[in-house]
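Written out below as structure tokens is the structure these notes cover.
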Amino acid sequence: MGTGTLINRSKRQVNAKTPAPAPNLGDMPLLMTVTVLAVLGIVMVFSASWDFSLAVYDSPTLMFNRQVLWMGLGLLAMFVLSFFDYHYWRRLVVPIMLVTIAALVGVLLTNDNRLGAVRSYFEGSVQPSEMAKLVTIIYLAAWLYAKQEHLHDVNLGLIPLGIILGIIGGLIFLQPDLSATATVLILGGLLFFLAGGDIKQIVFLLIMTVIVGYVVIHFSPTGLQRIREFWQGILDPTQASYHVRRSLEAIVKGGVFGVGLGQANTKYTGLPVPPTDSIFAVIAEELGLFGSLVTLSLYGLLLWRGLKIASKAPDFLGTILASGLSVWIALEAMINISVMVGLLPFAGNALPFISAGGSNLTASLAAVGILFNIARQGNSKKKSTSNPDERREFGATVGLRRGNRRRSVSRTGRS
Amino acid sequence: MNYEYSWRVKLVIGVFALVGLAIPAQILRIQNSPEAGKILDQSNNYNWEVRTLYPARGSIYDRNGRLLAGNEIVYEVGVDIPRVSNPHTVALTLSVTLDLDYNDIYDTLTNPEGRLYLVADDFVLPGKVEELKKLKEELENQPDDWRAADRPSLDGLVFRAHFQRSYPEKSLGSNILGFVMHDGHGYFGVEAKYDEQLAGIPVTTLVPTDPNRAEDLPRIPDGATLILTIDRDIQAAVEEILDLSLVEHGAEAGSIVVMNPKTGEVLAMASTPRFDPNEYWDYELYFNNASEFNRAISLPYEPGSVFKILTMSGALDSGTVTPSTSFLDTGVFLIGGVPVYNWDDAAWGYQDMTGCMQHSLNVCLAWVASQLGPQKFYSYARAFGIGHPTGIDLAGEAAGRLKVPGDGDWYPVDLGTNSFGQGVAVTPIQMVMAASAIANDGRMVAPHVLYGMVQNGRQYNSPPRYLGTPISETTARTLNEMLAYSLENESSLALVPGYRLAGKTGTAQIPLPTGYYANSITNTSFIGWGPVDDPQFVVYVWIERPSSSIWGSEVAAPVFARVVEKLVVLMGIPPDSVRQALAGQ
């Protein structure tokens with residue numbers, strides 16, 4: 001079955017001895033981590049949303065039902081993408097990027113104003129900025145992979161990167177969604193750094209970021225206020241912004257083991273948007289420090305497995321893509337949680353897999369699907385060669401096999 | 001490259017690890033910081049929400065328990081702006097159904113400038129709201145492509161029910177009832193006078209915000225229910241008679257008051273113009289100023305000859321004259337250096353006091369007053385309550401004006417003119433109260449419209465209140481007899497077959513702004529009561545500026561008769577002969 005690219009014979013032989021080799025699921029610990037996160041998420045969404053949902057939509061289960069539906073869709077996306085050879089993204093990513101930009105422009109034009117910002121399609125259920133983040137990572141991975149040798153050249157590296165991030169970030173900033181803009185820019189910088197960007201350029205980028213950040217905060221309608229509230233909150237938690245104060249209240253009430261699932265009080269008495277941005281506060285109150293540590297560990301596990309997959313990826317495209325996706329999810333989680341415990345100024349990032357919201361959940365699960373695909377290819381070919389084209393060929397075979405409805409990769413070892 | 005990546009990724013992992021450690025550290029710090037207690041203290045403020053509960057406004061009934069003022073459910077129609085999916089549909093529907101401005105609503109919905117809620121209309125009747133709700137549901141269930149951006153939808157439209165004052169009898173007794181404005185306060189009449197009792201006591205309560213702690217809202221008692229002394233049927237009849245009479249006599253306005261002289265219970269109080277208090281916003285279309293809302297209590301005027309009953313009762317009570325005292329009417333009487341003439345400028349020759357009253361001779365009454373003397377005359381007038389509010393339990397009562405010696409604008413001639421009701425301003429209710437002393441054996445009762453109040457399941461009735469005895473029982477009987485005889489002798493139009501009535505007409509010239517009196521513009525009045533041997537009602541009629549005739553005897557007297565004809569039927573008063581026969585058995 002192999003096409004003559006198998007190298008590590010000794011390993012193969014070990015595999016060959018096992019009577020019934022396990023099917024290649026990609027990365028088992030990652031699957032379990034995501035499963036636990038998804039289950040925790042769905043439970044917490046119900047606990048945090050019924051009152052909110054009843055107040056806003058006249059139905060206590062509407063948000064929960066939607067979340068279950070989106071989770072089904074996300075799992076489907078994850079499953080499909082885990083069989084979709086990630087190398088194809090290189091060819092697809094430009095049209096997808098154009099569609100994403102069109103969607104971002106479109107959302108500004110349709111003018112569906114929600115909570116003072118234009119962020120969504122179809123009555124708030126689809127936010128293209130989540131898709132934009134995912135697409136940006138894929139695009140940057142493909143681009144960095146292609147330009148790997150020229151990254152030290154400012155004209156070929158830094159400037160095009162700036163243009164790409166500028167377009168995406170700018171369109172999201174216009175919505176206005178400051179947090180999503182910042183997330184996209186930070187991700188771009190991190191990917192540039194991980195892909196081997198010139199240190200001098202990165203230092204320059206950091207300085208630029210500080211300057212731009214200062215300007216943006218000054219000219220954004222909500223920026224300056226957020227920063228001021230943040231400083232007050234750091235100095236004296238009782239003087240923090242209302243949102244953070246209520247979140248800290250939930251944390252204090254939670255104690256070590258929490259008040260118990262469904263027993264939280266803050267979510268009913270004015271904690272803003274408990275099912276979405278503030279869901280970590282609900283976890284902290286209901287499950288306590290213990291639950292918070294578990295949640296944090298889950299994201300830690302996810303990051304660890306993601307970077308493990310990255311290091312085992314058959315080629316540099318896989319490495320940079322896997323790093324980008326896992327860093328993205330971890331970054332979103334860290335920003336969200338840091339805001340909730342008062343370590344960062346207010347930002348509207350969702351807690352991946354847990355916050356209610358279809359776009360984020362679907363995008364996160366799709367990202368995990370891509371990670372699985374990279375993992376499968378990494379598993380199948382532990383030792384990387386220096387020829388990326390060969391690897392791509394192999395990957396393609398795996399993908400096509402599935403498409404041909406024939407036996408899957410696990411049989412490779414025997415042939 | 002691999003080496004590059006691995007150190008870089010290690011750096012990234014390091015940063016994440018730092019944040020990952022900082023977060024639990026911060027959680028521990030917050031939980032154990034001295035501020036934790038403060039934060040928990042603050043949280044208590046969020047557990048409760050202050051809510052003020054307003055009791056339902058008390059109903060108002062007539063003396064027989066028929067509803068005069070109640071509450072009905074109406075709706076505030078609002079728009080929850082963030083939930084609107086199609087501003088065009090919402091604006092169009094509201095403009096068609098509720099007659100609102102399309103552009104106003106559309107502009108607000110598409111450009112809310114931070115507003116989240118728009119009150120489109122309030123006090124919308126349930127019928128229209130049902131219509132809107134049905135339309136909204138139909139649009140929600142339409143099978144159209146749900147993605148279409150311009151799919152018609154009424155999403156965001158919300159309806160909030162609340163109470164509104166309603167007056168099922170429309171304009172009936174509106175001058176007594178008053179009305180309630182959108183601010184929930186009563187204006188005019190009973191609504192204003194008993195506003196506090198009707199409104200009840202609002203209760204401010206703490207409502208837990210946590211649904212798990214939800215408890216029943218405290219039951220708060222409704223506002224007090226009022227039972228009026230008004231009889232709806234008598235009120236309706238009197239209003240009808242008044243309205244007809246105004247047309248018949250081409251008069252501008254008028255007022256009729258019916259009161260029980262023994263208890264002070266006002267049975268009916270009609271006044272023009274009246275309006276439907278359900279549509280109180282039309283107030284300015286009907287009334288030029290507040291005193292026109294209820295002429296019977298708020299609009300003092302010079303009553304004319306009806307005032308003679310007070311002059312005569314004072315003179316009789318003080319012993320200045322007796323019914324048989326004779327007076328030579330020469331057609332003119334000089335008082336304070338000013339001549340006083342009769343209504344027909346004629347000389348009536350020798351007359352006894354009954355004749356003076358029967359022919360309503362100003363010259364005679366001015367002489368009587370001069371005999372009585374200013375001090376006694378004005379002390380009797382005061383005893384009858386002239387110049388002071390009667391204290392009737394309706395908002396906006398006027399005091400009238402009684403000039404007395406010592407006032408800067410009092411002249412000796414005023415004694416003469418006041419004796420026949422000119423130069424003194426009274427309200428109909430003041431005359432009715434004063435007359436109650438004559439009809440009720442000298443005991444004057446305070447007029448009132450509140451029969452009883454039901455509060456917290458208990459009824460509190462208002463007992464009759466007596467305001468002294470301005471004249472003795474004998475004087476009252478004598479005057480009754482004189483007045484009854486006068487009417488009979490005069491073949492007055494006020495007479496009703498089968499019932500002996502006492503009464504007096506009044507025709508007053510209206511003072512012009514210049515200070516002179518107009519000759520052809522008059523206020524015609526009639527005060528009367530009956531049956532004379534056991535008075536059940538005092539009726540006061542005031543027809544303002546009639547054009548068919550200027551005389552009270554031709555305008556107001558027949559109106560009185562018409563009212564009495566209705567009254568005896570509605571009150572179930574048998575003719576005198578029948579009643580006396582029954583009593584004699």
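In this text, all values refer to a predicted model and were calculated from it rather than measured experimentally. Naming convention: chains lettered A, B, ... in sequence-line order (proteins, then strands); numbering from 1 in each chain.
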| request: Step through the shown structure and confirm whether more than 12 heavy atoms of other residues, nucleotides or ligands are within 6.0 Å of NZ on K133(B). | output: yes
| Do L331(A) and F16(B) have side chains that get closer than 4.5 Å, going by heavy atoms? | yes
| request: Might you confirm whether atom OH of Y280(B) has over 12 heavy atoms from other residues, nucleotides or ligands at distances under 6.0 Å? | output: yes
| query | Y242(A) versus chain B, heavy atoms under 4.5 Å apart: side chain, backbone, both or neither? | reply | side chain
| Taking atom CD of E138(B) as the centre, does the number of heavy atoms from other residues, nucleotides or ligands within less than 6.0 Å exceed 12? | yes
| message | Can you tell me how far apart CG (L343(A)) and CZ (R29(B)) are? Round to the nearest 0.5 Å. | response | 8.0 Å
| Student check: side-chain heavy atoms of I30(B) and V341(A) closer than 4.5 Å | no
| said: Which heavy atom of L11(B) sits nearest to which heavy atom of F193(A), and what is that distance? | reply: CD2-CZ, 3.4 Å
| said: Are P24(B) and L296(A) packed together at the side-chain level, in the sense that at least one heavy-atom pair is separated by less than 4.5 angstrom? | reply: yes
| request: Start with the C-alpha distance between V19(B) and S338(A), add both sets of side-chain angles, then the distance that settles side chain to side chain contact (heavy atoms under 4.5 Å, CB included), and finish with yes or no. | output: CA-CA 8 Å; V19(B) 178; S338(A) 300; 3.8 Å; yes
| query | Where does I202(A) contact chain B at under 4.5 Å (heavy atoms): side chain, backbone, both or neither? | reply | side chain
| message | Does any backbone or side-chain atom of L303(A) lie under 4.5 Å from a heavy atom of chain B? Answer side chain, backbone, both or neither. | response | side chain
| said: If you count every heavy atom of other residues, nucleotides or ligands that lies below 6.0 Å from E72(B) atom CD, does the total exceed 12? | reply: yes
| message | Can you tell me which portion of E35(B) sits under 4.5 Å from chain A's heavy atoms? Options are side chain, backbone, both or neither. | response | both
| task | Could you grab the distance from atom CD of E249(A) to atom CG of D41(B), nearest 0.5 Å is fine? | result | 10.5 Å
| message | Please classify the contact of A17(B) with chain A as side chain, backbone, both or neither, using a heavy-atom distance under 4.5 Å. | response | neither
| task | Calculate, to the nearest 0.5 Å, the distance between atoms CE and CD belonging to M340(A) and Q26(B) respectively. | result | 12.5 Å
| task | Pick one of side chain, backbone, both or neither for D51(A), based on which atoms fall under 4.5 Å of a heavy atom in chain B. | result | side chain
| task | Give a yes or no on this: more than 12 heavy atoms of other residues, nucleotides or ligands lie within 6.0 Å of atom CZ of F163(B). | result | no
| Pairwise distance CD1(I39(B)) to CZ(R245(A)) - rounded to 0.5 angstrom | 9.0 Å
| chain B contact via L248(A) - side chain, backbone, both or neither, heavy atoms under 4.5 Å | both
| query | Above 12 or not: heavy atoms from other molecules or residues under 6.0 Å from OH of Y102(B)? | reply | yes
| said: Is it the case that over 12 heavy atoms from other parts of the model lie below 6.0 angstrom from the CD1 atom of I201(B)? | reply: no
| said: Quick check on S297(A) against chain B: is it the side chain, the backbone, both or neither that has a heavy atom closer than 4.5 Å? | reply: neither
| query | What are the two closest heavy atoms between T269(A) and D210(B), and how far apart are they? | reply | CG2-N, 4.1 Å
| remark: Whatever's closer than 4.5 Å to a heavy atom in chain B on S292(A) counts as side chain
| field | Criterion side chain to side chain contact (heavy atoms under 4.5 Å, CB included) on K10(B) and L307(A), from CA distance to verdict | value | CA-CA 10 Å; K10(B) 273 176 193 151; L307(A) 294 175; over 6 Å; no
| task | Indicate yes or no: at least one non-hydrogen side-chain atom of M334(A) is less than 4.5 angstrom from one of I23(B). | result | yes
| Q31(B) (side chain) donor-acceptor with G255(A) (main chain) under 3.5 angstrom | yes
| Can you tell which of I320(A), N265(A), V327(A) has the highest number of heavy-atom pairs within less than 4.5 Å of chain B? | N265(A)
